[in-house]
Every structure is written in structure tokens, then in C-alpha cells.
Amino acid sequence: MADHRAVEPLHHAQEPPHLAGLNPEQYEAVTAPDGPLLVLAGAGTGKTRVLTSRLAHLLVEGRARPGEVLAVTFTNKAAREMNERVEALIRRPVQGLWLGTFHSIGARLLRRHAERIGLEPNFTILDTDDQQRLLKQLLEAAGLDAKKFPARVLSGIIQRWKDRGWTPDQVPASEEGDFALGRGIELYRAYQQRLATLNACDFGDLLLHNLTLFAEHPDVLEAYQRRFRVVLVDEYQDTNVAQYLWLRLLAQHHKNLTCVGDDDQSIYSWRGAEVGNILRFEEDFRGARVVRLERNYRSTGHILGAASGLIAKNESRHPKTLWTEDDPGEPVRVAGLWDDDEEARFVGEELEALQRQGEALASAAVLVRAGFQTRAFEERFIAIGLPYRVVGGPRFYERAEIRDAIAYLRLIRQPDDDLAFERIVNRPRRGLGEATLAQLRREARASERSLVATAATLCGGDALKPKPRKALGDLLAAFERWRGLAETEPAREVAETVLEESGYVAMWQADKSPEAPGRLDNLKELAHAIAEFDTLAGFLEHVSLVMENASDPAGDMVTVMTLHGAKGLEFDTVFLGGWEEGVFPNQRAVDEGGRAALEEERRLAYVGVTRARKRSCVLFAANRRLYGHNWVSSIPSRFVDELPAEHCEFLQRDGFTATRLRSPGLPPKREGDPLARFNSAKIRKGPVIEAVAETVDDRGPEVDVGARVFHPKFGYGRVEGADGDKLDIAFDKAGRKKIMASFVEPAR
DNA sequence: GGATTGTGTATTTTT
DNA sequence: TACACAATCC
């Protein structure tokens with residue numbers, strides 16, 4: 001993203017900093033008059049720079065005061081960066097901007113007007129874990145089999161509905177799939193009711209409730225419409241329908257909306273993002289000006305050429321051609337290897353070579369499609385003592401101990417937070433088990449009150465056995481005490497006291513598992529973070545909306561992460577692992593999303609290649625270990641074939657390490673030239689992962705994973721895997737089943 | 001009520 | 001393989 005390189009100035013030296021050194025297109029975008037503006041900014045063309053410069057420009061020119069600017073991003077990081085850069089450009093702090101993520105601004109608006117839609121201003125923001133817990137309860141209450149209908153799936157369905165801006169009443173009946181026997185919408189409604197009772201929201205609600213608020217209270221909407229003279233949006237290609245509607249409403253009065261994005265980098269459709277939003281911009285906002293940024297300041301000619309050739313295979317896109325005045329540089333190297341271990345070894349050796357040439361490890365990254373691929377690299381890097389860091393994984397606030405601690409704090413702030421209560425009633429163990437809890441829930445439901453309120457009543461009577469009654473009473477008394485404390489003491493004091501007195505810290509101190517010390521450290525870090533906040537409320541908001549992984553890249557190390565995680569970043573050298581059919585493009589994505597999903601996978605490939613400034617290296621392996629000891633053989637990704645040959649260098653066998661150590665039994669013995677298979681393999685349509693040789697039983701007919709099969713009762717399906725002589729088949733109509741191989745025959 | 005054993009599942013994850 | 005969750009046992 002960062003473009004710090006000097007560009008020959010178009011205008012003269014007296015230009016203010018926010019206009020200095022812009023190329024003509026950037027200048028046009030930054031200085032464009034009021035009105036809808038779409039900046040189509042290819043990878044590495046200075047997108048963030050344009051956005052921040054425009055914001056600075058509008059402020060400096062007095063076209064808007066800070067309080068009249070709404071600037072939205074997707075990530076906190078982007079928001080922070082934007083703020084810093086604007087301040088750097090105009091050389092003073094800016095206060096009063098509405099600058100933040102969609103979610104944080106949605107929450108801010110919602111807290112102001114919560115009562116208008118039946119919430120209290122101190123509503124809790126639930127995360128995914130809470131959501132699923134709640135949904136699970138609802139599924140159970142509805143008498144549905146949690147195995148067959150996992151809360152995780154329902155949560156996904158509801159989120160997608162929310163992404164499209166649908167309240168339960170607005171979900172079209174045709175959208176009701178077969179989940180939960182066609183009771184999805186009903187469950188969605190029940191879920192929303194439950195949230196309202198809990199005075200809680202999930203992430204999707206932060207926007208959806210805004211939409212409801214605006215629809216039901218035009219006065220509120222109008223106030224904001226008038227207020228926001230300027231609306232700026234980053235990564236517009238990633239907006240979902242709800243966000244689009246929200247923006248359109250807010251920008252409607254002044255119609256002064258600037259959206260920056262790149263349809264070729266839309267990689268979040270599975271999270272509800274609609275590429276259509278950016279493709280349709282000119283229709284949606286009449287008279288919109290469109291500026292294309294096509295001059296790339298990041299990558300060499302070969303890298304750009306390879307990436308452009310690849311992305312040109314997509315049909316749904318705004319055509320654009322990136323160019324650079326840079327040298328062609330090194331061609332993109334493409335290497336085929338025997339298996340994932342060898343792939344990792346190859347990368348390790350390359351990194352060591354780079355290091356010998358004086359390159360910093362921190363300037364290199366290994367990018368993969370999915371998390372499981374990082375393992376081979378990690379093992380190899382550990383083996384050769386190469387410093388690395390894996391970005392991603394569970395976030396700080398998703399860790400169990402942090403969530404527990406936060407549940408205590410939430411409960412102090414909002415006694416009716418049943419989810420928080422359930423989480424910590426018995427952590428540490430207080431002898432309040434399932435039986436007591438079930439009784440509590442029953443009573444609570446009957447009296448339509450929260451668990452804490454019910455518990456208080458129950459402790460007064462003799463419905464509970466003495467032991468649990470005492471334990472529960474003590475806990476409630478403790479909370480009363482802590483709430484009193486919270487009135488006077490700073491948030492950090494409160495948190496520390498609570499964690500001590502509740503026995504929570506002691507619980508981990510007593511724990512002898514190897515993770516325990518780390519967890520205690522995390523709790524300390526949490527307390528440290530709280531110190532920055534005056535109020536518990538402020539901290540909790542921060543935690544649910546902002547808090548990120550504490551990942552300080554201390555020292556010189558290689559970054560290993562997923563392609564999704566790499567968006568917006570850049571490195572001198574990038575290794576792109578696992579370019580095999582099935583892995584990348586990911587089989588499941590293609591199965592579920594068809595051509596559109598394939599194009600998204602291709603965009604992901606494009607994002608990957610364009611992360612590199614100087615060197616890009618694409619890798620694929622003939623054999624790969626999936627979960628433990630399942631080996632799959634695969635053929636190179638079609639994306640490998642789509643890389644224009646004139647920008648690539650295909651490494652020959654000589655480039656590989658010839659000798660290998662192999663653990664017993666696995667995988668298929670190497671016969672002849674491993675590349676021979678690749679060279680002869682033509683990308684085939686249809687099934688892509690060839691076979692799970694080890695797991696298909698000899699007695700049954702050999703059926704390839706990925707094969708289409710027919711079953712007399714369940715109809716057509718696709719073989720997903722094999723276990724002995726049973727095949728794991730995903731039937732088009734009947735769902736996923738394990739079937740004896742002899743019952744099916746190849747389709748057609 | 002708590003510990004233990006067994007079973008099923010396994011993309012991507014800005015908030 | 002690894003992990004989460006549920007059924008099962010003490």
C-alpha cells in the first residue's frame with residue numbers, strides 16, 4: 001500500500017504536501033469536485049494515498065469541517081493508518097472526524113439512538129462465540145439435532161441475511177433453505193428476540209439496526225444526511241449490501257461520496273461482500289466520475305505482467321491495465337516439487353540464499369491459501385532455525401482466558417448478560433454444574449427474567465440444595481461488591497480485583513498444563529490494556545470492536561500467512577505455496593460457488609502475486625499431506641497455466657533437491673522425473689484431486705475422490721473421501737452420507 | 001459434579 | 001493429526 005517512492009512532480013514546489021508528487025490521475029481523484037466519485041485503484045497504485053490526500057484536501061480547502069466527514073474502512077488498522085496519514089499531511093491533529101470501521105461507526109450511531117429501536121445504550125456486542133452459543137440453545141429449544149444442524153452453520157446463514165440487510169421479516173421465503181427443516185427464518189426471528197431481551201447485538205446488527213433506525217426514524221436519518229457533507233469509503237469492493245444501503249442513505253443528501261476500491265481484489269464474497277457494488281457504481285450514483293489508477297509503483301514489470309495476464313482471465317471485472325516504468329526485473333519463478341515437505345524445504349533454502357545476499361527476512365513472506373498449509377513451512381523453518389512468524393490464528397480476545405475475564409467485566413456492567421453469566425458461573429469451579437444451571441434457566445424462562453435476577457430470587461428461597469445455594473449466593477454477593485467498586489475505582493483496579501477475588505487467576509496458577517503460564521501472561525496483558533481506558537464501558541467497546549493480536553514483528557523474520565491476510569501488504573519477495581487444483585483454487589469454494597467462486601480464487605491469486613515488489617515465486621507440489629496421514633496427489637493449479645509464459649521462468653528438475661528422507665510408508669514412491677507428471681498433465685475439467693490411494697480399500701471398486709457417482713436411493717453426488725470400503729459422498733439432494741462403495745456406480 | 005474416553009470434523013475470517 | 005464436544009463412567 002505504502003508508496004513512498006518519489007514520483008516526478010506534476011506541479012510545482014509550492015504545492016501543499018497533500019498534493020505534492022501526485023501523478024495526473026491521482027491528482028484528478030484528490031481534487032475532484034463534489035459529487036459521487038469512484039476511484040478504481042489497481043494494486044499498488046497509491047489507493048490509500050489518494051484517499052488520505054483527498055480527505056486532507058477537502059479539509060484544507062474548507063469544503064468540510066472534520067465533524068462533517070464520514071470516512072469508513074473495514075479494518076481498524078486501515079482506519080488508524082488513514083488518521084495518521086491525514087494528520088501527517090496537514091501537519092496537525094484532526095479532531096472530530098467520523099473515521100472508523102463500518103462496525104465502530106455503526107456502533108457509535110446505535111449507542112446514540114439505541115432506545116429508538118428497543119435497546120439500551122449499554123447494549124453488549126456479541127462475538128461469534130456468543131452468537132453460536134445462543135443459537136445452539138435456540139436449536140436445542142426447537143428440538144433440532146445439533147449434529148445435523150450445527151449452530152455454526154446457522155450463524156453463517158443469519159449473518160449472510162444480515163449482510164444483505166434483511167431483518168427476519170424481510171428475508172424472502174425463497175431464501176429459506178433446507179437448514180433446520182426449513183425453519184431458518186423462524187430461528188432467525190427467535191434469535192433476534194433473544195438478543196433484544198439480552199440487550200445485545202451481534203456484528204451484523206451494528207449495521208442492520210442502523211438501517212432499521214433510519215427507516216423508522218427519518219428525522220434521525222435526515223440529521224446525519226445533512227451532517228455528512230463528505231463520505232469516503234475505502235476498499236469499496238468489499239462492501240456488502242447492508243453497508244451499501246447504509247452508505248447510500250447517508251450520502252443521499254450531499255451526494256458527495258468517494259469510494260476507492262479495486263474489483264480485482266475482491267476476495268471476501270464468502271463474507272457477504274458484493275463485487276456488484278463496485279461494478280454498478282456508475283448506475284447507482286448518476287453522474288459519477290470515475291478515475292482509474294493504473295500506474296503501479298510497487299512491482300517490477302514481470303510481476304505486473306504475470307499478474308495482469310492472470311486476472312485478465314476473469315470475465316466480471318472493470319477492465320484495467322496496470323503499468324510501470326520500473327524494470328522488468330526477474331521473471332516470476334514457478335517451481336513444481338514432489339510434496340509439501342519439499343516445497344517447504346525449497347522455500348527455506350531460497351530464504352537462506354536471500355539472507356546470504358543481505359536481504360532482510362522481514363522483507364519476505366510465504367503466502368498460502370489455507371491455514372493448514374503453514375504447518376509444513378513452520379516445521380521446516382524450525383528445523384533449519386529460520387526465524388519466522390505466523391500471522392493469523394486466534395485473536396487476542398478470542399482466547400478462552402480473555403473471553404472469561406471479559407465475561408466477568410461484562411457482567412459487572414450489565415447484570416442481565418446471560419451469556420456472560422453462563423460462561424463464568426462455574427469458572428473457576430464453584431460446584432455450580434449443569435443441574436443447577438438447568439434449574440436456573442427453567443426458572444428464568446418462566447419468570448422472563450435474566451439468570452442473575454433469577455439466581456438472586458432462588459438464593460432467597462429453598463429451591464436449591466444448600467451447597468449450590470451458598471456458592472451462587474457468594475458469587476452474586478461478590479458481583480455486588482465489584483459493581484460498587486466499579487463506581488469509584490479505575491477500570492484496571494476493578495479488573496484486577498475481580499480476577500483475583502473470583503479465584504480466576506488462582507485457577508490458572510494451579511493449572512499445570514504447559515499453556516497456563518501463557519494464559520496468565522495474557523491476563524496481565526489484558527489488565528495492562530484496560531489501564532488505557534477510563535471506564536469499563538470504553539474498554540469493553542474497544543475489546544469487542546478493535547482489539548487486535550499483539551503481533552510485534554520483533555526482529556528479522558519471515559512472515560507466513562494466508563493470502564487473505566496479506567491483502568494490503570507488500571514484500572520484496574513473496575513465495576506462493578500450494579498452487580494445486582483442489583487447494584488453490586480451493587475445491588470447496590468452487591463446488592459451492594461455481595464460476596463466480598473460481599473468479600474469486602483467481603483474484604486471490606492476483607492479490608498474492610501483486611504483493612511482491614521484486615520477486616514472486618509460485619510453487620506447487622505433486623503430493624500433499626492432508627490431516628495427518630492422508631496423502632493426496634494433485635495436478636498443478638490452472639492458475640499456473642494461466643500465468644503468461646513470457647513473464648515466468650519454469651524451474652527444471654535441476655533446480656530441485658534430489659535426495660529426500662521419507663517417513664515410513666508414505667507417500668507414493670517417486671518414480672522417474674516428478675515433473676514428468678506435471679509436464680504431461682493437462683488441466684482437466686471436473687474432478688481434480690485424483691485419488692486417495694492409501695485409503696481406498698482394495699476389495700471395493702476404485703473410486704476417485706472428486707468423482708461423480710450415482711446411488712439408487714440418494715441420487716447423484718460427489719465423492720468427498722473414503723474410509724475403508726465406505727465412501728464419504730456429498731449428495732446433491734440428500735446431503736452428506738457414508739455409503740458402501742458397492743452401492744454406488746460412477747455417474748453416467 | 002467432575003474426569004475420562006470416544007466421536008466427528010477439518011477453507012478463507014477485515015468486525 | 002488435532003481439536004472440540006458429547007457420552008460415559010466414577
Side-chain angles (χ1 to χ4, degrees), chain A residues 72-79 100-107 125-129 131-132 136 146-148 150-152 155-156 159 162-163 201-207 234-235 237-240 242-243 265-273 367-373 375 379 391-395 397-398 400 426 429-438 465 467-468 471 541-549 561-568 578 582-593 597 600-601 603-604 607-608 625-630 720-721 723 728 736 738:
Chain A
V72 276
T73 63
F74 278 85
T75 66
N76 293 298
K77 192 174 154 214
T101 62
F102 277 100
H103 295 274
S104 68
I105 291 182
I125 300 169
L126 261 39
D127 63 27
T128 342
D129 206 78
Q131 260 178 62
Q132 288 177 14
K136 198 171 162 202
K147 281 262 169 60
K148 234 171 143 189
R152 181 174 37 85
S155 149
Q159 279 186 71
K162 290 187 175 179
D163 287 342
C201 273
D202 63 21
F203 278 119
D205 285 334
L206 295 177
L207 276 149
D234 191 16
E235 307 274 20
Q237 77 281 354
D238 287 335
T239 50
N240 60 37
Q243 288 158 339
Q265 293 186 65
S266 164
I267 54 174
Y268 281 105
S269 75
W270 50 274
R271 276 186 123 259
L367 308 181
V368 294
R369 172 66 243 260
F372 74 87
Q373 292 172 257
R375 208 180 91 178
E379 284 172 359
V391 176
R395 300 164 173 284
Y397 65 83
E398 278 168 6
N426 209 27
R429 301 227 137 89
R430 301 182 172 89
L432 294 166
E434 201 40 50
T436 316
L437 206 55
K465 293 197 175 112
K467 257 198 213 156
E541 188 87 344
H542 171 81
V543 158
S544 42
L545 291 175
V546 183
M547 196 116 164
E548 292 158 84
N549 271 344
M561 65 178 147
T562 65
L563 288 160
H564 283 91
K567 196 173 88 162
V583 176
F584 189 39
N586 180 277
Q587 190 62 47
R588 231 172 104 181
V590 178
D591 283 350
E592 282 165 21
E600 178 148 321
E601 296 286 307
R603 290 194 290 270
L604 207 44
V607 167
R625 212 172 9 171
L626 288 186
Y627 331 119
H629 279 144
N630 271 11
E720 300 288 347
D723 180 15
D728 181 4
R736 206 164 172 148
K738 285 217 172 22

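In what follows, every chain begins at residue 1, and chains take the letters A, B, ... in the order their sequences are listed.
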- Message: In the structure I gave you, are the side-chain heavy atoms of A/Gln373 and A/Phe584 within less than 4.5 Å of one another anywhere?
- Response: no

- Selection from B/dT15, B/dT11, B/dG1 that lies nearest to any side-chain heavy atom of A/Glu592: B/dT11

- Message: Can you work out whether A/Gly433 or A/Ala589 has the more 5'-proximal nearest nucleotide on DNA chain B?
- Response: A/Gly433

- Query: Given B/dG1, B/dT11, B/dT15, which nucleotide is nearest the side-chain atoms of A/Arg588?
  - Reply: B/dT11

- Specify the separation, in whole Å, of atom CG of A/Asp591 and atom C1' of B/dT12. 15 Å

- Phosphate-side-chain proximity, A/Lys136 and C/dA6, N/O vs OP1/OP2 below 4.0 Å: yes

- Can you tell me the distance, in whole Å, between the NZ atom of A/Lys162 and the C1' atom of B/dT15? 13 Å

- Task: Could you check which of B/dT12, B/dT15, B/dT11 has an atom nearest any side-chain atom of A/Trp270?
- Result: B/dT12

- Message: Tell me the interatomic distance from A/Gln131, atom CD, to B/dT13, atom P, rounded to whole angstroms.
- Response: 18 Å

- Donor-acceptor pair (no angle test) under 3.5 Å: A/Arg369 side chain, B/dT11 base: no

- Task: Starting from C1' on B/dT15, measure out to CD on A/Glu541 and report it in whole angstrom.
- Result: 12 Å

- Task: Please report the shortest heavy-atom distance between A/Ala242 and A/Lys162, naming the atom on each side.
- Result: CB-O, 3.5 Å

- Message: Tell me whether the side-chain N/O atoms of A/Arg429 come closer than 4.0 Å to OP1 or OP2 in B/dA3.
- Response: yes

- Message: Stacking between B/dT13 and A/Tyr268, yes or no? Criterion: centroid separation under 5.5 angstrom, plane angle under 30 degrees.
- Response: no

- Message: Applying a 4.0 Å non-hydrogen cut-off, can you work out what A/Gly106 is touching in the nucleic acid: base, sugar-phosphate, or nothing?
- Response: nothing

- Item | Minimum-distance nucleotide to A/His564 side chain [options: B/dG1, B/dT15, B/dT12] | B/dT12

- Query: B/dT12 C1' sits how many Å from A/Phe372 CZ, rounded?
  - Reply: 11 Å

- Taking only side-chain nitrogens and oxygens of A/Asn426, does any of them come within less than 4.0 Å of OP1 or OP2 of B/dG1? no

- Message: Is there a side-chain hydrogen bond (donor to acceptor under 3.5 Å, both in side chains) between A/Ser155 and A/Gln159? Walk through the geometry before answering.
- Response: CA-CA 6 Å; A/Ser155 149; A/Gln159 279 186 71; 3.3 Å; yes

- In terms of heavy-atom contacts, A/Gly272 and A/Asp163 come closest through CA-OD2, 3.5 Å

- Do A/Ile267 and A/His564 have side-chain heavy atoms sitting under 4.5 Å apart? yes

- Compare side-chain N and O positions of A/Thr562 against OP1 and OP2 of B/dT13 and report whether any pair is under 4.0 Å apart. yes

- Query: Please give, in whole Å, the distance from B/dT9 P to A/Leu626 CG?
  - Reply: 17 Å

- Is any N or O donor-acceptor pair between the side chain of A/Arg375 and the base of C/dT1 shorter than 3.5 Å? no

- Task: Remember a base hit wins even if backbone is also touched, and classify A/Ala435 as base, sugar-phosphate or nothing at under 4.0 Å, heavy atoms.
- Result: sugar-phosphate

- Note on the structure: Whole-Å distance, A/Lys148 NZ to C/dA6 C1', equals 18 Å

- Query: For DNA chain B, whose closest nucleotide is more 5', that of A/Ser544 or that of A/Gly431?
  - Reply: A/Gly431

- Query: Quick one: are A/Val607 and A/Leu563 in side-chain contact, heavy atoms under 4.5 Å?
  - Reply: no

- Query: Can you check the A/Arg152 CZ to C/dC5 P distance for me, whole Å?
  - Reply: 10 Å

